[in-house]
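For clarity, every value in this text was computed on a predicted model and none was experimentally measured.
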Amino acid sequence: MVRVHLDPLLPLSGGSLGRLFCWRCPRPCALPRGPLCPMAEIDETSIDITLPDGSTHTHPAGTTGLEIAESIGAGLARDALAIKVNGEVRDLDRPVTEDAEIEILTWDDEEGKQTFWHSSAHLMAEALQALYPDVKFTIGPPIDQGFYYDVDLGDQTLSADELEAIEEKMLELARRDAAYERHEVSKADAIEHYEAEGNEYKLELIEGLEEGEISFYEQGEFTDLCRGPHIPSTGDIKAPKLLSVAGAYWRGDESNPQLTRIYGISFPKQKLLEDFLERRRKAKERDHRKLGTELNLFTFDTEQVGPGLPMWLPKGTTLRQTLQEVLQQEQVKQGYKPVCTPHIGRLDLYRTSGHYPHYEDDQFPPMVTGEGDDGEEDGYLLKPMNCPHHVKIYQNDHHSYRDLPVRLAEFGTVYRQEQTGELGGLTRVRGFTQDDAHIFCTPAQVKDEFKSVIDLTLKVLDALGFEEFEAQISLRDPDDTEKYTGRDALWTRAEQDIREAVAETDLDAYEEPGEAAFYGPKLDFMVEDALGRAWQLGTIQVDYNLPERFELTYVDEHDERKRPVMIHRAPFGSLERFIGVLIEHCGGNFPTWLAPTQVQIIPVGDDFVDYAQEVAATLRAEDVRVEIDTSDETVGYKIREAETQKVPYMLVVGGDEEEAGTVSVRSHADGPQGTVSVQDFLDRTGPEFEPTLD
């Protein structure tokens, strides 16, 4: 060990923290009063650093992430934003004191982007502090695309018109190239700091923290309670853009004060921002909320029905039902049995399953009716999941190994108490329908059943043109197993089942620890929308735990009772979310078999409405969805309306067509197609009207 001399503490402006100088540090580091600098005692022996390519390099103990990046290459050092050390993302200037597997994170890495956006949230906060001196800060995390900060502006309000001034201030502050500096502080000093500021929100956050796990970050004139990590300097932020202002309740609780939430995004290059804004412009044109209104698919009434509760109009209902029908047809072929379950259940059902109170923050409050014999509150819960009901259906019969697998399928509606600020059209709602099925099988059948569901999910994605997707194996968090239910051995077995099934189907999948359901690991299909955001649609889960909790059994070939395994699967996932992403994916130009109106018949005048009705009757007899435009508008206007509604085919009929028994065909995709008989039209286009996943 080597001991070094520490200079006296120098006061920090505006707080009770101090600054130490150490011969090892390239610049001052900020610490709480009292404790020695962590660099004061460092083992001078070398450490082994293992890079992502598997190569190992020797460095002195205490080498920083930036120094490691510089040893690899000057270009990497310029682009470096953070370092991952044994799976933990850290600041580049924090020392590495022991053997470690490391990865230098840049903008090209998702965790690099997250660190960049988190740092940008702090930069925005500094700009707000300069422009609104009385502002109180709460939390400012990175999100999938950018960041937000929830702030209390007191009696002031903030409009979208003021965002440009905040952006300009951010750019001004960024150009100072101020370092993000970490201060590890005592709980007492943290409390003193925010008591002096009068920030009750930060004090509430500090209450939940333990001594030794509290840190501040400082850049320029701004200091914030934060775990980090952050990028090296504000100078890396070249192109910030503030996107919108919304309201949000403190900690998502409607009984708490309402705050102002400011959304933004940022980039290390102006060109990246310009590309993002162009994608955003195109995405607005495809926004499912906009197209859903224009195409008369669904509507919301937030005042009387409630936010996050879509109502499906006739065309949207046709769309939903068609999707359900094609999947139901496929499920019948694969041996699934349809079931139907209630929308509520007794609290005891969800206690046994583990959903209550495990989903307490996500479920609607229970309808309590009294107290049960065991002293627990009794009542009902809007079901957050369909699986407990399906378990009870399985329990309704005795099962032999010859009966398995039992496949139960339902388009079941479930309910989640999503916070108002997190709702978004169809992609985040409070009531949604899952194409849910549960397979009860023997352990030996798990892999084949799982592979079969993978094939079904891929068939669904292929039929609807989803080519850009990733398969994610969502595993238990090995560092926080307490939030999951069940024995470790069962988790290990379930995770291995998924890995083997994925490998045998040659599906390219990556693993994501911490994303498993509380009762089992899963395979999630992440589909990109028009903005490049990933949405989880299809999901398949292996569950050894619910069968144990409900004591499910079957009789094996030796006449012994055994525990089945449960596979949860939903190729669409949420129908609402699936349709929302699908609308944006195809811009409302649905495949002909899925379009709510497949053919629009346009008579050139009132004299030809009767013939239009005859043509419509012929098409409807072949299960074609037909509408007739009998308005007084011109033919050109009627064609434009049908084009706007994205109807796949328009059939114009007038005197010549009536006399010859023909129709003039126009395709939404390809324009005029000539004049043919009605039967020729059906012969030519008939397969397009067939709802199928093949």
Side-chain angles (χ1 to χ4, degrees), residues 110 144 327 330-331 334 336 385-387 390 405 407-409 412 414 432 434-464 466-478 481 483-486 488-529 533-547 564-575 577-578 581 693:
E110 189 58 37
D144 286 345
L327 186 57
E330 190 66 32
Q331 288 176 165
Q334 297 189 14
Y336 287 84
M385 296 285 189
N386 296 301
C387 34
H390 289 194
R407 306 181 185 97
L408 305 178
V414 297
F432 57 94
Q434 294 176 306
D435 57 322
D436 227 347
H438 296 91
I439 302 168
F440 300 86
C441 61
T442 69
Q445 293 169 332
V446 168
K447 201 157 53 174
D448 284 343
E449 289 299 310
F450 200 95
K451 288 158 60 177
S452 177
V453 178
I454 289 176
D455 290 341
L456 175 59
T457 305
L458 293 176
K459 183 178 280 191
V460 166
L461 296 177
D462 181 64
L464 292 162
F466 286 114
E467 298 176 354
E468 297 297 323
F469 67 88
E470 292 184 322
Q472 172 182 298
I473 301 176
S474 299
L475 305 173
R476 189 171 59 157
D477 184 348
T481 58
K483 64 182 181 180
Y484 305 96
T485 187
D488 290 344
L490 296 180
W491 273 91
T492 300
R493 184 169 185 176
E495 290 176 349
Q496 190 59 29
D497 287 336
I498 293 177
R499 289 189 179 106
E500 290 179 6
V502 167
E504 291 180 18
T505 54
D506 294 325
L507 182 66
D508 186 17
Y510 64 95
E511 296 189 358
E512 193 66 44
E515 293 299 318
F518 77 90
Y519 48 79
K522 54 183 179 164
L523 178 67
D524 293 322
F525 289 83
M526 316 297 288
V527 176
E528 283 193 2
D529 68 7
R533 298 170 300 188
W535 294 99
Q536 179 201 315
L537 296 184
T539 184
I540 320 169
Q541 305 166 4
V542 175
D543 182 4
Y544 284 83
N545 290 306
L546 278 185
V565 184
M566 193 172 172
I567 296 176
H568 309 241
R569 51 111 283 199
F572 291 144
S574 153
L575 258 180
R577 176 178 291 180
F578 189 93
V581 176
L693 295 180

*Write down the atom of Glu449, the atom of Pro405, and the distance for their closest heavy-atom approach.*
OE2-CG, 3.4 Å

*Is the side chain of Asn545 donor-acceptor paired with the backbone N or O of Tyr519 at a distance under 3.5 Å, no angle test?*
yes

*Distance in Å, Lys522 NZ paired with Ile540 CD1, rounded so as to fall on 0.5 Å steps*: 11.5 Å

*Would you confirm whether Thr457, through its side chain, and Val453, through its main-chain N or O, come within 3.5 Å as a donor-acceptor pair?*
yes

*Distance, nearest 0.5 Å, that separates CD1 of Ile439 from CD of Gln445*: 10.0 Å

*What heavy-atom pair brings Val542 and Ala494 nearest, and what distance separates the two atoms?*
CG1-CB, 3.8 Å

*Say you draw a straight line from CD of Gln472 to CD of Glu515; how long is it, rounded to the nearest 0.5 Å?*
5.5 Å

*asked:* Would you say that Phe450 contacts Glu504 through its side chain, given a criterion of any heavy-atom pair below 4.5 Å between the two side chains?
replied: no

*Please say whether more than 12 non-hydrogen atoms of neighbouring residues, nucleotides or ligands are located less than 6.0 Å from CD in Glu468.*
no

*Of all heavy-atom pairs between Leu693 and Lys459, which one has the smallest distance, and what is that distance?*
O-CG, 3.4 Å

*Distance from Leu327 atom CG to Gln334 atom CD, nearest 0.5 Å?*
9.0 Å

*Taking the side chain as C-beta and beyond, is there a heavy-atom pair between His438 and Asp543 under 4.5 Å?*
no

_Donor-acceptor check, side chain of Asp435 to backbone of Gly573, threshold 3.5 angstrom: yes or no?_
yes

*asked:* Rounded at 0.5 Å granularity, tell me how far CD in Glu470 sits from CD in Glu528.
replied: 7.0 Å

_Any side-chain to backbone donor/acceptor pair from Arg476 onto Tyr484? Under 3.5 Å, distance only._
no

_Could you tell me if the side chain of Phe432 sits less than 4.5 Å from the side chain of Val414, heavy atoms only?_
yes

*How about Tyr544 and Thr492: do any of their side-chain heavy atoms sit closer than 4.5 Å?*
no

*Give a yes or no on whether the backbone of Glu330 and the side-chain of Tyr336 come within a donor-acceptor separation of less than 3.5 Å.*
no

*When rounded to the nearest 0.5 angstrom, what is the spacing between NE2 in His568 and CG in Asp436?*
8.5 Å

_Counting neighbours of CG on Asp144 that are heavy atoms of other residues, nucleotides or ligands and sit closer than 6.0 Å, is the number greater than 12?_
no

*Work out which heavy atom in Pro521 is nearest to a heavy atom in Ala516; give both atom names and the distance.*
CA-CB, 3.9 Å

*Which heavy atom in Ala501 sits nearest to a heavy atom in Lys451, and how many Å separate them?*
O-CG, 3.7 Å

*Given side chains that start at C-beta, do those of Gln536 and Ser474 come closer than 4.5 Å, heavy atoms only?*
no

_Closest non-hydrogen atom pair between Ile454 and Thr505, with its separation_ = CD1-OG1, 3.9 Å

_Residue from Phe525, Trp535, Phe572 passing ring-ring contact (aromatic ring centres under 6.0 Å, His included) with Phe578_ = Phe572

